[in-house]
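Read the structure below first, then the notes.
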Amino acid sequence: MKVLVLNSGSSSQKSCLYEIGDTLPDEPPGCIWEGKIEWADDKAEYSIKNSRGVSRKDLIPAASRAEAIERLLHSLWSGETQAISGPSDIDVVGHRVVHGGPQHFEPAVVTAEVKSAIESVSVFAPLHNRAELQGMEIVAKLLGSVPQIAVFDTGFHRTMPLSAATYPGPYDWFEQGIRRYGFHGINHQYCAERAPQLLGKKMDSLKLVTCHLGNGCSLAAIREGRSVDTTMGFTPSEGLMMGTRSGSVDPGVLTYLMRQRQFSGQQLDEVLNKKSGLLGISGISSDMRQILAASKNGHERAKLAFEIYVHRLQSGIGAMIGVLGGVDALVFTAGVGENSPELRAAVCDNFGFLGLRLDQGKNAQSPLNADISAPDATVRVLVIHAQEDWMIARECWNLVQTATTRVSR
Ligand code: ADP
């Protein structure tokens, strides 16, 4: 079965094609085709490659997002990569949908009803949900009636108890859908499944804290494979300090800015989501690599940005361990989590009292999908490579298999 996955972000479009046989492999297979567009100012970087080593990179005009995505998908069968012979080779298309709102947590076949539900909650995640809906329209235009499946980033956190999912505001907030949903669920779930394999233990015996640290950052507390708490909430703005997002701040700061400084909702959104976090504090970059390099050169605000990032992580991890009543393993994943030994060492430093100790040599190598704790550590530390696209492909495969079994019965 050929499964095409679309991961549509506010300023990027990633896509890949998987070939899956009659049974799911234990390890994620590589893609047979991969494409990516990253928009910046008035240009976009366009790149495609297939598993036969054919690749191409271009700078293209940023003007039409839809046109660029059409070219990307068209390259699957055109002379650009010829990964497949034509659109009809694709059996199913999976989409990462950031916000499923109160109605959609489980993966769902895309219908008019599902699209309108995604549209109705796009005010909660405007940059993401609208890009995802556009991806669905383009697929329908280019690939006709191929089944499309939406996989929700909020889905994994549906098991959070009400005490974690409900804000302590007026009760009717919850009834109006103003509640904690949590995000990055596709990857937190992947880590919840991968960690027991790496530890040689059963999922239902483990308490995990997973740290997804990319441009966006969140923690999840996972008991017996199920999310019981997470740091993001109603939107992906809550919780940890991130690349350009502040994470949690006293709501009083917002009302102060609105009353005393006449900030509009849009200005608040802009400052909290695009001008805060590592970028806002350092004044130089949202990229952890640059923050670390500048700190080493004595840049005081870059140093402070790193220290706040670590402080917020330590306090968040402590809270998650408290909710779980203990912890067997701490998992680092996504761009910063997978690649920064400095960050992992700084975060883990305070948790020695729990029996958590890093093997400094292994940590320095940043091995993917590995245990990097010291041999005598009683709480393990893992690095797990994020595999969101593979998780989406797998959910599509599962849904198609279930539908086929039902029809053939
Ligand atoms: P996204 O959330 O957009 O999927 P990623 O998971 O790819 O992002 O993470 C991107 C971030 O990873 C970058 O902003 C960068 O700060 C960080 N990163 C990548 N490589 C390194 C590295 N070697 N050291 C520290 N940080 C890194």
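Ligands are counted one by one from 1 in listed order, and the atoms in each one are counted from 1 as well. Model, not experiment: these values are computed from the prediction.
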Nearest protein heavy atom to [atom], by residue and atom, and its distance?
atom	answer
atom 26 (N) of ligand 1	Met288 CB, 3.6 Å
atom 15 (C) of ligand 1	Asp287 OD1, 3.3 Å
atom 23 (N) of ligand 1	Asn339 CB, 3.4 Å
atom 3 (O) of ligand 1	Asn215 ND2, 2.7 Å

message: For atom 4 (O) of ligand 1, which of the options Lys14, Arg289, His212 provides the nearest non-hydrogen atom?
response: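 Residue with the shortest heavy-atom distance to the ligand atom: Lys14.
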- prompt: Could you go step by step and tell me if Ser122 and Arg130 meet the side chain to side chain donor-acceptor pair (under 3.5 Å) rule?
  reply: CA-CA 6 Å; Ser122 59; Arg130 296 217 169 99; 3.2 Å; yes
message: Within the 4.0 Å heavy-atom shell around Val336, which atoms of ligand 1 are there?
response: 12 (O), 16 (O), 17 (C)
- prompt: For ligand 1, which atoms sit closer than 4.0 Å to a heavy atom of Gly335?
  reply: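 By the 4.0 Å cutoff, the relevant atoms are 5 (P), 6 (O), 9 (O), 12 (O), 17 (C), 18 (N), 19 (C), 27 (C).
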- prompt: Any side-chain donor paired with an acceptor under 3.5 Å for Asn369 and His385?
  reply: no
field: Phe152-His99 aromatic ring centre distance below 6.0 Å
entry: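 Ring-ring flag for Phe152/His99: false, centres at least 6.0 Å apart.
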Can you tell whether the side chains of [X] and [Y] come within less than 4.0 Å, N to carboxylate O?
X	Y	answer
Lys14	Asp389	no
Arg71	Glu80	yes
Glu342	Lys296	yes

